[in-house]
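Report on one structure; see the data block that follows.
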There are 4 protein chains.
Amino acid sequence: MARKLTAKGTKRRSELLDYAARTFARDGYHTTSVASIVEGLHVGKGVFYWYFASKDELFIHILAEAQRALRLAQRDAIAGEHDPVRRIEQGIRASMRWLSEHRHLFVLTEFARTEARFAPVIRAGERQAVEDALPHVAAGITAGLLRREDPEVMTAAIIGVTAHLARVLVLEQGRDPDRVAQAAISFCRDGILQEAEVRAAAESAGASG
Amino acid sequence: MARKLTAKGTKRRSELLDYAARTFARDGYHTTSVASIVEGLHVGKGVFYWYFASKDELFIHILAEAQRALRLAQRDAIAGEHDPVRRIEQGIRASMRWLSEHRHLFVLTEFARTEARFAPVIRAGERQAVEDALPHVAAGITAGLLRREDPEVMTAAIIGVTAHLARVLVLEQGRDPDRVAQAAISFCRDGILQEAEVRAAAESAGASG
Amino acid sequence: MARKLTAKGTKRRSELLDYAARTFARDGYHTTSVASIVEGLHVGKGVFYWYFASKDELFIHILAEAQRALRLAQRDAIAGEHDPVRRIEQGIRASMRWLSEHRHLFVLTEFARTEARFAPVIRAGERQAVEDALPHVAAGITAGLLRREDPEVMTAAIIGVTAHLARVLVLEQGRDPDRVAQAAISFCRDGILQEAEVRAAAESAGASG
Amino acid sequence: MARKLTAKGTKRRSELLDYAARTFARDGYHTTSVASIVEGLHVGKGVFYWYFASKDELFIHILAEAQRALRLAQRDAIAGEHDPVRRIEQGIRASMRWLSEHRHLFVLTEFARTEARFAPVIRAGERQAVEDALPHVAAGITAGLLRREDPEVMTAAIIGVTAHLARVLVLEQGRDPDRVAQAAISFCRDGILQEAEVRAAAESAGASG
DNA sequence: CATGAATGAGGCTTCATTCAT
DNA sequence: GATGAATGAAGCCTCATTCAT
């Protein structure tokens with residue numbers, strides 16, 4: 001494609017992208033037909049194929065755009081921040097908020113991973129996300145702020161926690177994204193284990209009790 | 001359905017279940033046709049519908065069976081264990097191993113979540129998983145071994161870490177599941193933050209350095 | 001076919017015929033599968049093909065049997081009767097009662113007429129019915145009891161009235177077959193027109209009124 | 001459905017309707033595949049489903065349209081006529097002619113009655129037909145022109161005679177519809193019985209002979 | 001740019017019939 | 001005689017895509 005678009009054309013194109021994304025997310029990619037998309041927008045089928053070469057291409061556009069937007073949100077969030085730990089925290093907060101506000105795009109990402117044609121797009125995006133976060137983790141380790149563990153593992157774990165809590169607690173259970181972000185941060189920072197001293201106190205109390 | 005099956009029939013049914021699961025996982029559910037399944041097994045198309053009412057029904061069987069099997073593996077893993085923390089650790093290890101050994105079923109689960117008719121199955125399974133793990137987390141908190149945080153959040157976070165590391169590090173990168181399990185456990189136990197004392201030492205060293 | 005059947009075999013065969021006939025009538029011939037018939041009788045598919053060469057053959061048996069039975073009922077009804085008009089009346093009564101008691105067979109006959117493979121069976125049966133009734137009509141004309149009209153037309157008309165009233169009033173509306181038979185007889189005998197004298201009286205009354 | 005159709009589209013749609021109706025009538029509804037219909041019209045399979053949601057829906061359209069057309073023909077036929085008896089006669093004539101000219105639609109109606117999903121359409125149409133004719137019969141009775149019998153029964157009988165003679169004498173035997181209509185009228189008006197006086201004369205003659 | 005119409009491969013499912021045991 | 005299993009042609013329908021206007 002890469003057509004030159006008029007102002008109206010640009011608008012049409014984003015209408016298509018947005019409506020398709022929401023419909024794909026709600027009904028599934030395969031379950032949504034091109035016909036239903038153009039019907040939903042009250043336009044002819046020609047419109048669709050004027051702006052996009054194929055249904056697949058449209059979907060890949062949606063995915064790429066979503067990844068770009070999330071990355072931007074994360075970048076903005078850590079812009080003025082220099083402490084590695086707080087950068088990570090801000091990243092988690094921004095991600096949680098973005099996933100909450102663009103839940104339909106989140107769902108699409110999860111689907112895309114399961115189909116051979118789209119998986120590479122997602123994997124590339126995820127590698128990118130890891131590469132974006134890795135330096136902060138590494139810096140945190142170097143600065144002695146973070147444990148001396150494989151930084152790639154740590155990064156992946158943080159992403160995993162964030163995504164899963166976003167899905168289960170925010171999207172499915174409807175909890176407040178900022179609170180869930182805080183919980184995710186707390187979990188990632190300190191884990192689940194009680195601090196040694198407190199634990200010792202509790203144990204002696206338990207023994208004496 | 002619910003036919004009476006002979007020994008041969010039972011075998012055929014599992015062949016179908018297994019072959020279909022692997023093919024769905026490799027090529028995607030929608031991309032795999034019933035025709036290709038029966039061709040792959042060198043049987044007539046009717047065989048499929050002798051054992052299953054529909055492609056969807058077969059898929060739901062696969063999902064349910066996978067959830068049951070993972071749950072059994074987890075149950076076995078914590079059988080002889082009474083300490084809540086070690087129960088959680090064993091659960092993570094067992095899950096990681098199972099997901100690594102049944103990666104195709106893991107992939108299917110992730111897809112199923114993205115389609116309205118299958119999502120309920122997955123969500124039910126996940127609720128079940130949370131309910132299974134929750135008591136141990138709660139017991140750990142009561143015993144003063146775990147931080148006094150929302151146990152449901154903790155449980156969800158643990159599941160999120162485990163699943164994500166399984167996918168990225170084990171399935172995609174091919175790392176050893178037991179090592180990844182250990183990393184997941186370590187992350188979940190202690191988080192990423194360096195212990196306060198070490199941190200203090202590092203900071204003073206950094207200051208003096 | 002034409003197997004020699006044991007007593008048990010004969011029973012099985014009529015069970016099949018009866019169950020199939022009722023199911024065909026209720027659900028339609030094409031809509032009823034051989035599988036559903038054997039399932040309904042809790043037997044294997046082999047049973048079906050042991051007694052009948054094909055689904056079509058079974059159906060044709062049902063049709064032929066139905067026609068034979070109706071014909072017998074009619075024959076019995078006029079057995080002791082020698083007056084042509086009363087023979088016709090008794091024929092109508094017997095038919096109405098039989099159709100009411102074997103409504104499922106009636107429905108099948110109507111369907112069979114609409115499919116090229118079965119239509120000839122029905123038409124043959126109907127020709128037979130006309131041939132059976134024709135002599136009585138002809139005798140009635142000769143005896144000066146019936147109008148001097150084309151006897152074939154009269155016969156067809158009588159059959160038409162009987163069948164239609166059976167379907168609409170007895171089967172659909174659930175009226176009493178004997179009453180409907182009486183109405184059919186009355187209609188066939190005298191038509192709808194008021195007798196001339198009564199009509200004349202009414203008209204003069206209307207004129208004076 | 002309920003599409004906006006262009007002139008060309010409207011034409012296509014009627015082509016489909018007409019061709020399908022004739023083919024269904026000739027070969028049977030179940031025996032006629034959608035594939036054979038579109039092949040017969042030299043169009044792609046999609047065309048069928050562009051205009052109709054399903055084979056069943058198309059068929060129901062055909063039935064409804066047929067009923068509407070027959071009703072119109074009847075209405076036209078009695079338009080200038082005020083005498084109840086002549087209205088009935090004209091109705092019979094118009095019906096006979098219409099059935100003869102649209103024999104394929106007649107056949108479809110008869111089939112439709114035998115399948116659960118179509119039967120309601122037919123029954124509704126038939127109720128309509130009875131309701132249309134009933135007033136004239138009732139008026140005839142009130143005016144003293146027709147016998148004082150259950151008008152619904154009379155109406156049903158008239159319809160039964162007309163339909164049956166149309167099928168057997170016109171469609172199957174190829175007789176002239178107007179002559180058959182006349183015979184039907186005569187039958188319905190006067191029945192089969194010879195008038196009393198003629199009968200008496202005949203009997204005395206027979207006695208003396 | 002846009003529309004309604006058309007294409008036709010391909011998908012899911014049914015089902016009469018046959019067969020090994 | 002009888003069963004569960006298997007066959008595979010054929011049916012209905014969907015849908016991404018193309019095209020004439």
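Naming: A, B, ... by sequence-line order, numbering from 1 per chain. Nothing here was measured: the structure is a model prediction, and the numbers come from that model.
- Ion pair Arg12(B)/Glu15(B) flagged as a salt bridge, since at least one NZ, NE, NH1 or NH2 atom sits closer than 4.0 Å to an Asp/Glu carboxylate oxygen.
- Rounded to whole angstrom, the span from the CH2 atom of Trp50(A) across to the P atom of dT21(F) amounts to 19 Å.
- Between Leu58(A) atom CG and dA16(F) atom P there is a gap of 11 Å when expressed in whole angstrom units.
- Straight-line distance from the CZ atom of Phe48(B) to the P atom of dT7(F): 15 Å, rounded to whole Å.
- The shortest non-hydrogen separation linking Gln67(B) to Gly125(B) is NE2-CA, 3.5 Å.
- For the pair Phe52(B) CZ and dA6(F) C1', the computed distance is 15 Å after rounding to whole Å.
- Listed candidates were dA5(E), dA2(E), dA2(F). Nearest to the side chain of Lys45(A) is dA5(E).
- Side-chain contact between Arg13(B) and Phe52(B): present, with at least one pair of heavy atoms (C-beta onward) separated by less than 4.5 Å.
- In this structure, CG on Asp27(A) lies 10.0 Å from CD1 on Ile37(A), to the nearest 0.5 angstrom.
- Looking at every heavy atom in both residues, Leu58(B) comes nearest to Ala20(B) through CD2-CB, 3.6 Å.
- Secondary-structure annotation of DNA chain E gives the stems E:2-21 with F:2-21, with a stem taken as at least 3 successive Watson-Crick or G-U pairs whose two distances both fall under 3.5 Å.
- Here dG8(E) presents its C1' atom at 14 Å from OH of Tyr49(D), a figure rounded to the nearest Å.
- Within residues 29-38 of chain D, the residues approached by DNA chain F to less than 4.0 Å at the level of any non-hydrogen atom are Thr32(D), Ser33(D), Val34(D), in residue-number order.
- Between dT21(F) and dC1(E), the distance separating the two C1' atoms is 13 Å to the nearest Å.
- Atom CG of Asp56(B) is separated from atom P of dG11(E) by 16 Å (rounded to the nearest Å).
- Taking all atoms of both residues into account, the shortest heavy-atom contact from Ser54(B) to Glu57(B) is OG-N, 3.0 Å.
- Within 4.0 Å of Gly46(C), counting heavy atoms only, lies at least one base atom of the nucleic acid.
- If you measure from atom NZ of Lys55(D) to atom P of dT14(F), you get 15 Å, rounded to the nearest angstrom.
- The aromatic rings of Phe118(B) and Phe59(B) lie perpendicular to each other, with more than 60° between the two planes, well past the 30° mark.
- By the 4.0 Å N-to-carboxylate-O rule, Arg123(B) lies too far from Glu126(B) to be salt-bridged with it.
- Note on Ser54(D): every side-chain N or O is 4.0 Å or more away from OP1 and OP2 of dC12(F).
- The side chain to side chain donor-acceptor pair (under 3.5 Å) pairs that include a residue from residues 28-43 of chain D are Glu115(C)-Thr31(D), Tyr29(D)-Asp56(D), His30(D)-Glu115(D), where partners are two or more places apart or lie in different chains.
- Using a 4.0 Å heavy-atom distance criterion, Lys8(C) is classed as a sugar-phosphate-only contact.
- In this structure, Glu39(A) atom CD and dA16(F) atom P are separated by 12 Å, rounded to whole Å.
- Regarding contacts with the backbone of dA6(F), a side-chain N or O of Tyr51(B) is found under 4.0 angstrom from either OP1 or OP2.
- Residue-level contact check: Arg12(C) touches the backbone only, with heavy atoms under 4.0 Å from sugar-phosphate atoms and none from bases.
- The shortest heavy-atom contact between Leu63(D) and Ala112(D) is CD1-CB, 3.5 Å.
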